[in-house]
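Structure first, then comments.
The basis for the numbers below is simple: all heavy atoms, side chains too, and nothing from hydrogens, waters or symmetry mates.
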Amino acid sequence: MNYDNVMQLALERGFYFPSCEIYADAQAGFWEYGPSGVSMKTKFIELWRRELVRRDGMLEIDGSQIMSKSVFEASGHLASFADPVVRCINCKLNFRVDKLIFEQTGIEIPESADLTDFDKTVSERNIRCPKCKGEFERARKFNMMFKVEIGPEAEAAYLRPETCQSIFVDFPRLFKTMRGKLPIGVAQIGKSFRNEISPRQSLLRLREFYQAEIEVFCNPNKLNDLDRFAEVQNTTIRLWINNELKAMTCQQAVDSEVLPNKFVAYYLGLLTEFYQKTGIDMTKSRFRRLGEKEKAFYATVAFDFEVQTATGWLELVACNYRSDYDLTSHATKSKEKFEVLDDEQKVLPHVFEISMGIDRSLYTILEHSLREEKEHDRIVLSLKPYLAPVHVGVLSLVKKDGLKEKTDEIFLKMKRKYDAFLDHSGAIGRRYRRLDEVGAPFAITIDHQTLEDQTVTLRKRDEMTQDRVKISEIDKILSESLAFP
RNA sequence: GCGGUGUUAGUCCAGCCUGGCAGGACGUCAGCUUCCCAAGCUGAAGGUCGCGGGUUCAAUUCCCGCACACCGCACCA
């Protein structure tokens with residue numbers, strides 16, 4: 001299905017919708033999750049916890065969204081998480097100065113260069129505004145972090161542009177108090193904030209968005225010394241190297257040196273197994289190795305996990321080998337010690353990062369799960385049962401003859417344990433269609449026979465088949481069918 | 001941020017050219033009917049016509065500005 005189909009489903013069925021939409025000054029790039037969206041997101045996060053955090057024995061934290069200025073001085077975000085721009089004195093339009101210089105002269109200046117380098121080239125080559133031929137003000141940096149002011153003295157602080165900074169900052173305490181031992185993963189789910197110049201396409205590019213980030217701290221001398229690699233050695237991962245797809249097992253990727261070490265291969269394997277369980281079509285996925293110019297300023301090796309969607313290839317996860325960039329920076333700035341003991345040797349850990357975009361992942365799951373069945377005149381969201389916003393619809397075939405009361409009684413017994421949806425009104429077929437659209441894998445219907453023999457019909461979403469089951473068996477059937485894998 | 005196209009009920013859209021009571025379909029809700037896959041009948045609710053200004057006796061309609069959305073460019077999880 002295409003982007004518009006997903007968008008319409010999202011708006012009509014309570015998955016997500018624009019923030020502040022009743023007001024004209026609502027800003028782009030902010031979206032709300034509705035009831036269906038929250039329910040699905042909660043379950044997605046539970047799957048992430050199971051498949052990554054618990055499976056690998058990671059520590060999970062929940063850090064502040066507002067962090068002090070020093071954090072971002074150390075991390076490099078104040079200096080580097082910014083685009084160099086110039087503004088025309090005459091018409092006030094802003095331009096990316098590095099792009100402008102390249103377009104007009106062919107000279108390439110890296111975007112991280114000193115502002116004076118840009119000013120020098122602009123004046124030497126007499127670069128003028130493309131729109132009005134006006135001269136430019138001096139170059140400045142447009143930083144993509146949201147600045148906030150703390151307290152009556154308005155001390156500067158920032159909304160975090162990535163969740164991982166608190167993981168780095170907290171590392172010394174976590175390692176000491178949680179009896180840390182390398183390698184160790186620290187995970188966090190939360191919101192990050194980026195002042196994007198042009199947010200677009202709802203959940204795909206937000207100014208306020210959810211990340212699920214994992215930072216694995218490791219001994220850089222032991223990247224091939226990892227017992228648990230055996231768990232994923234036969235897992236097939238899809239790698240996109242030099243414009244070519246190479247599907248191979250993790251073991252083969254290490255042996256052929258397509259991946260640098262077992263450590264990286266292991267986590268790409270875990271991530272693959274996680275996404276397989278989300279219902280995303282893995283034949284439309286790849287880990288793409290980034291070139292030098294594409295990588296973030298802190299990365300030495302980088303793979304993006306990308307998935308093909310109706311909007312093109314979409315980056316869901318950034319996997320960056322950040323080496324000791326972060327810990328060295330924070331150690332230098334804070335004077336805190338970040339070295340730890342590993343086999344009685346002092347070592348400054350390196351960091352491998354798995355930075356997941358939750359919103360984008362949820363969009364992709366929706367797009368890959370949504371289909372139209374013309375022969376049955378219905379739209380079906382074939383979510384994995386354990387990710388469905390509604391687990392089961394509980395329906396009375398008709399309201400009268402005591403069926404409503406019997407239905408209420410059954411619903412009451414289920415509603416704490418399952419996301420059950422009670423519905424008495426309208427034609428039964430219409431109610432099934434509505435449940436199909438929110439991805440409810442099951443519907444149980446109470447009819448006249450129920451009153452005679454204590455059985456109900458259990459309808460399956462994908463097959464549209466119905467079985468008669470005893471009321472006493474419902475719980476067992478549902479708990480098995482809805483369980484996480 | 002640039003260029004193009006749009007914005008009217010929950011959704012899709014008509015009305016705008018040529019200013020004069022805010023409409024349709026689907027959906028939702030209630031009742032009747034039916035009794036297992038969007039059937040039918042009756043009724044109802046639902047709108048700052050994106051926001052602000054201007055022209056006019058009168059603006060959803062004409063003019064200006066802005067915001068937002070979509071497509072393309074650039075940037076990113």
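- Between B/G23 and B/C49, the distance separating the two P atoms is 14 Å to the nearest Å.
- A/Leu395 comes within 4.0 angstrom of no nucleic acid atom, judged by non-hydrogen atoms across all strands.
- The P atoms of B/G20 and B/U5 are separated by 25 Å, rounded to the nearest whole Å.
- The pairing partner recorded for B/G43 is B/C29, the criterion being a Watson-Crick or G-U wobble arrangement whose two distances lie under 3.5 angstrom.
- For B/A14 and B/G24, the C1' atoms lie 7 Å apart once the distance is rounded to whole Å.
- A donor-acceptor contact closer than 3.5 angstrom is absent between the side chains of A/Tyr16 and A/Asp359.
- For A/Phe305 and A/Tyr275, the ring centers sit closer than 6.0 Å to each other.
- Salt-bridge check for A/Lys399 with A/Glu405: failed, with every basic side-chain N at 4.0 Å or more from each acidic carboxylate O.
- The aromatic ring of A/Tyr432 does not sit over the base of B/A38, since the test of centres under 5.5 Å and planes under 30° is not met.
- In the set B/A38, B/C12, B/C76, the nucleotide with an atom closest to the side chain of A/Arg360 is B/C76.
- Rounded to a whole angstrom, the distance from the C1' atom of B/C12 to that of B/G31 is 28 Å.
- Within the nucleic acid shown, A/Tyr210 has no heavy atom closer than 4.0 Å to any nucleic acid atom.
- Between the P atom of B/C76 and the CG atom of A/Asn320 lies a distance of 13 Å, rounded to the nearest Å.
- A salt bridge links A/Lys406 with A/Glu409: at least one charged nitrogen is closer than 4.0 Å to a carboxylate oxygen.
- Classification of A/Arg378 and A/Glu372 as a salt-bridged pair fails, no side-chain N sitting under 4.0 Å from a carboxylate O.
- Here the separation of B/G19 from B/U61, taken at their P atoms, is 12 Å to the nearest Å.
- Pair check for B/C76 finds none; no Watson-Crick or G-U wobble contact set falls under 3.5 Å.
- Using the six-membered ring where Trp is involved, A/Phe217 and A/Phe168 have ring planes that are perpendicular, over 60° apart on the 30 and 60° scheme.
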field: Check against side chain to side chain contact (heavy atoms under 4.5 Å, CB included), A/Phe263 and A/Val216
entry: CA-CA 10 Å; A/Phe263 190 78; A/Val216 189; 3.3 Å; yes
Worked check of salt bridge (charged side-chain N to carboxylate O under 4.0 Å, His left out) between A/Arg459 and A/Asp436: CA-CA 11 Å; A/Arg459 173 188 184 267; A/Asp436 289 341; 3.0 Å; yes
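- Pairing partner, B/U60: none, since no Watson-Crick or wobble contact has both distances short of 3.5 Å.
- The pair A/Lys470-A/Asp453 does not count as a salt bridge, with every side-chain nitrogen at least 4.0 angstrom from each carboxylate oxygen.
- Within the 4.0 angstrom heavy-atom criterion, no nucleotide atom of any strand lies near A/Ser192.
- For the pair A/Lys41 NZ and B/A77 C1', the interatomic distance rounds to 16 Å; values are reported in whole Å.
- Across all strands shown, B/A69 pairs with B/U5; the Watson-Crick or G-U wobble distances both stay below 3.5 Å.
- For A/Ser192 and A/Glu162, the side-chain atoms include no donor-acceptor pair closer than 3.5 Å.
- Atom C1' of nucleotide B/A77 and atom CG of A/Leu290 are separated by 12 Å, given to the nearest angstrom.
- Note: CD1 (A/Ile446) to C1' (B/C36) measures 12 Å, nearest angstrom.
- Ion pairing between A/Arg371 and A/Glu373 holds under the 4.0 Å rule for side-chain N and carboxylate O.
- Annotation: of the two residues near RNA chain B, A/Ser202 and A/Arg431, the 5′-most nearest-nucleotide partner is A/Arg431.
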statement: Heavy-atom contacts, protein to nucleotides 25-31 of chain B, under 4.0 Å, summarised as B (base), S (sugar-phosphate only) or - (none) per nt, yield --SS-SS
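- Under the Watson-Crick and G-U wobble criteria, each requiring two contacts below 3.5 Å, nucleotide B/C49 is left unpaired.
- One interatomic measurement links the two molecules: CD of A/Gln8 to P of B/A69, which rounds to 18 Å at whole-angstrom precision.
- Across all strands, A/Asp436 comes closer than 4.0 Å to no nucleic acid atom at all (heavy-atom distances).
- Contact of A/Arg194 with B/C76 (side chain to base): no donor-acceptor pair of N or O atoms is detected under 3.5 Å.
- Distance noted for atom C1' between B/C21 and B/A59: 15 Å (whole Å).
- Side-chain proximity of A/Tyr3 to B/C37, B/C70, B/C12: nearest is B/C70.
- Out of B/C36, B/A77, B/A39, the shortest distance to the side chain of A/Gln466 is found at B/C36.
- Between the side chains of A/Thr450 and A/Asp447, at least one donor N or O lies within less than 3.5 Å of an accepting N or O.
- The aromatic rings of A/Tyr363 and A/Tyr3 are tilted relative to each other, their planes meeting at an angle between 30° and 60°.
- Atom CG in A/Asp401 sits about 13 Å away from atom C1' in B/U34, given to the nearest Å.
- The same atom, P, is picked in B/G3 and in B/A45; the two are 46 Å apart, to the nearest Å.
- Among the protein residues, A/Glu437 comes within range of the nucleic acid bases, having at least one heavy atom under 4.0 Å from a base atom.
- In this structure, A/Thr311 and A/His448 both approach RNA chain B, and ranking their closest nucleotides by distance from the 5' end singles out A/His448.
- Counting only heavy atoms from C-beta on, A/Gln211 has its side chain closest to B/A77 among B/A77, B/C36, B/U11.
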Please list, pair by pair, any protein nitrogen or oxygen found under 3.5 Å from a nitrogen or oxygen in nucleotides 46-49 of chain B.
| from | atom 1 | to | atom 2 | distance (Å) |
| --- | --- | --- | --- | --- |
| B/U48 | O4 | A/Ile22 | O | 3.3 |

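- When the C1' atom is compared between B/G4 and B/G47, the two are found 30 Å apart, to the nearest whole Å.
- When rounded to the nearest whole Å, the span between CE of A/Met7 and P of B/C71 equals 11 Å.
- Atom pair A/Leu204:CG and B/C71:C1' shows a separation of 14 Å (rounding to whole Å applied).
- Here the side chain of A/Ala28 is nearest to one of B/A77, B/A69, B/C36, namely B/A69.
- Searching all strands for a Watson-Crick or G-U wobble partner of B/G23 with both distances below 3.5 Å returns B/C13.
- Side-chain atoms of A/Arg459 come within donor-acceptor range of the base of B/C37, with a qualifying N/O pair under 3.5 Å.
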